[in-house]
There are 2 protein chains.
Amino acid sequence: MHPLRKHIEEIIPLTDEEFAYIFGHFQSIKKRKHQYIVQEGEVVSKEFWVITGCLKSYFFDHNGKEHILQFGLENWWITDYESFVKRTPSKIFIDCLEDCELLYITYDDREKLTTQLHKMERFWAKKSKYGRIALQNRILSLLKNSAKERYDLLLEQYPQLFQRVPKKLIAAYLGVSRETLSRLGE
Amino acid sequence: MHPLRKHIEEIIPLTDEEFAYIFGHFQSIKKRKHQYIVQEGEVVSKEFWVITGCLKSYFFDHNGKEHILQFGLENWWITDYESFVKRTPSKIFIDCLEDCELLYITYDDREKLTTQLHKMERFWAKKSKYGRIALQNRILSLLKNSAKERYDLLLEQYPQLFQRVPKKLIAAYLGVSRETLSRLGE
DNA sequence: TCTAGATCACATCATATCTGTGACATAGCT
DNA sequence: AGCTATGTCACAGATATGATGTGATCTAGA
């Protein structure tokens, strides 16, 4: 079974025809390490789904320091939702940390698909709710937890990340310095 | 004096006002190693001029082998002229081999500039002629010279290239294998 | 059949980048 | 005032990636 089908069916069951119809709205691309899929300033018209590989979405603050919003691993969705939904220029970058194989759906195709297949509306609504909860928890964690606690939480939730991406990026995600992160693991 | 002014004045003299007017049609960008300035499939609307850095324009043949059309070093112009002039999707990629600082002029601005400032028409006409001659010579060289002869010619004309870009790219430019190139230097 | 050059496999080297760690600075808490 | 958590700076060693050279073979064309 196609991994996207498996992914969607974790939330809503699909017939073969439905999946074929949905899948027809996606296109696939390969990108290599260092390539961007979203750049600051552009209006993002695609939502990506990671088949294989690893990406980061990030921006630079006024001191030129990098902050990571999200990593994208296998079976994750990634885009700049603000730009994608509001049709405004993006404030962020998304690029590949490894060679990647991605599926994407354009804004228009996603609109069409949701109106024509009500199930997908439900799918995305659910995804969106869970995404919102995750963001909220991250904010809470940033407010109330120490660096060590945030480190432990991340390590517990996504141990693979620590094997896969450079520690300085984990640090930029947790909001601590590279050196402090290194000392947290002691 | 701005390097672009120096570059243009090697062909046509300019007043301060003229250069300021010309310069107003250009924009500057920085790109880092691995970033694309042109990708296959897009209609290229910019012509780039290299302030600092190094780029390659290239494509892949049906065997997935990379072939290099042109390198871009300081004071060189680079774009996909076919796409730029004919407004058709590009068949090539151009990306940065080093961090780069570039100037670019858009198609429309170039059109405006040439109609409004006749000198620039002369400038580009001359550039274009010389570019054409260079291309023709490259074809001749590919047809009649051995790999060793092509290697020697390139080494004579652009010795800096050999210091600056990986040998496998020199090979992809000369149309020989990496290994053969390595043995040519003996 | 000789030659120029390709392809494959491998070893060595160079470079970039990642990672840990000491020394020290600083801001907020108690 | 002094403690704690964290940041910043500098440096050194570890690791990974890519660049380079070279032998062994293979092939197409003069």
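We name chains A, B, ... by the order of the sequence lines, and we start the count at 1 in each one.
Extent of DNA chain D lying under 4.0 Å from chain A heavy atoms, first and last nucleotide in 5' to 3' order, is D:dT6 to D:dA10.
Residues that satisfy the side-chain contact (heavy atoms from CB on, under 4.5 Å) test with A:Arg178, not counting sequence neighbours, are A:Lys168. The side-chain contact (heavy atoms from CB on, under 4.5 Å) check on B:Ser28 picks up B:Leu103, with sequence neighbours excluded. For B:Lys86, the side-chain contact (heavy atoms from CB on, under 4.5 Å) test picks out B:Glu82, B:Thr88, with sequence neighbours left out. Every residue meeting the side-chain contact (heavy atoms from CB on, under 4.5 Å) condition with A:Thr106, not counting sequence neighbours, appears here in chain and number order: A:Tyr104, A:Asp108, A:Asp109.
Using cut-offs of 30° and 60° on the angle between ring planes, the pair B:Phe23 and B:Phe26 is parallel.
Between A:Lys56 and A:Glu66, some side-chain heavy-atom pair lies under the 4.5 Å cut-off. Considering only heavy atoms from C-beta on, A:His2 comes within 4.5 Å of A:Phe19 through its side chain. With a 4.5 Å cut-off on side-chain heavy atoms, A:Glu9 and A:Lys6 do not count as touching.
Among pairs with a residue in residues 96-107 of chain B, those fulfilling salt bridge (charged side-chain N to carboxylate O under 4.0 Å, His left out) read B:Glu98-B:Arg164, at least two apart in sequence or across chains. Applying the ring-ring contact (aromatic ring centres under 6.0 Å, His included) test to residues at least two apart or on different chains, the pairs with a partner in residues 83-102 of chain A are A:Tyr36-A:Phe93, A:Tyr58-A:Phe93, A:Phe84-A:Tyr107. Within the structure, every pair that satisfies the ring-ring contact (aromatic ring centres under 6.0 Å, His included) test and touches residues 159-186 of chain A, not counting sequence neighbours, is listed here: A:Phe71-A:Tyr173, A:Tyr151-A:Phe162.
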Pairs under 3.5 angstrom only: tabulate donor-acceptor contacts from the side chains of residues 118-127 of chain B to other protein residues two or more places apart or in another chain.
| residue | atom | partner | partner atom | Å |
| --- | --- | --- | --- | --- |
| B:Lys119 | NZ | B:Pro13 | O | 2.9 |
| B:Lys119 | NZ | B:Glu18 | OE1 | 2.7 |
| B:Lys119 | NZ | B:Glu18 | OE2 | 3.2 |

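Residues from residues 145-152 of chain B lying near DNA chain C, meaning a heavy-atom separation below 4.0 Å, are B:Ser146, B:Ala147 in numerical order. Of the residues in residues 169-185 of chain A, those placing a heavy atom less than 4.0 Å from an atom of DNA chain D are A:Gly175, A:Val176, A:Ser177, A:Arg178, A:Glu179, A:Thr180, A:Arg183, in numerical order.
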Taking N or O atoms only and anything under 3.5 Å, show me the protein contacts with nucleotides 12-18 of chain C, one pair per line.
| residue | atom | partner | partner atom | Å |
| --- | --- | --- | --- | --- |
| C:dC18 | OP2 | A:Lys168 | NZ | 2.5 |

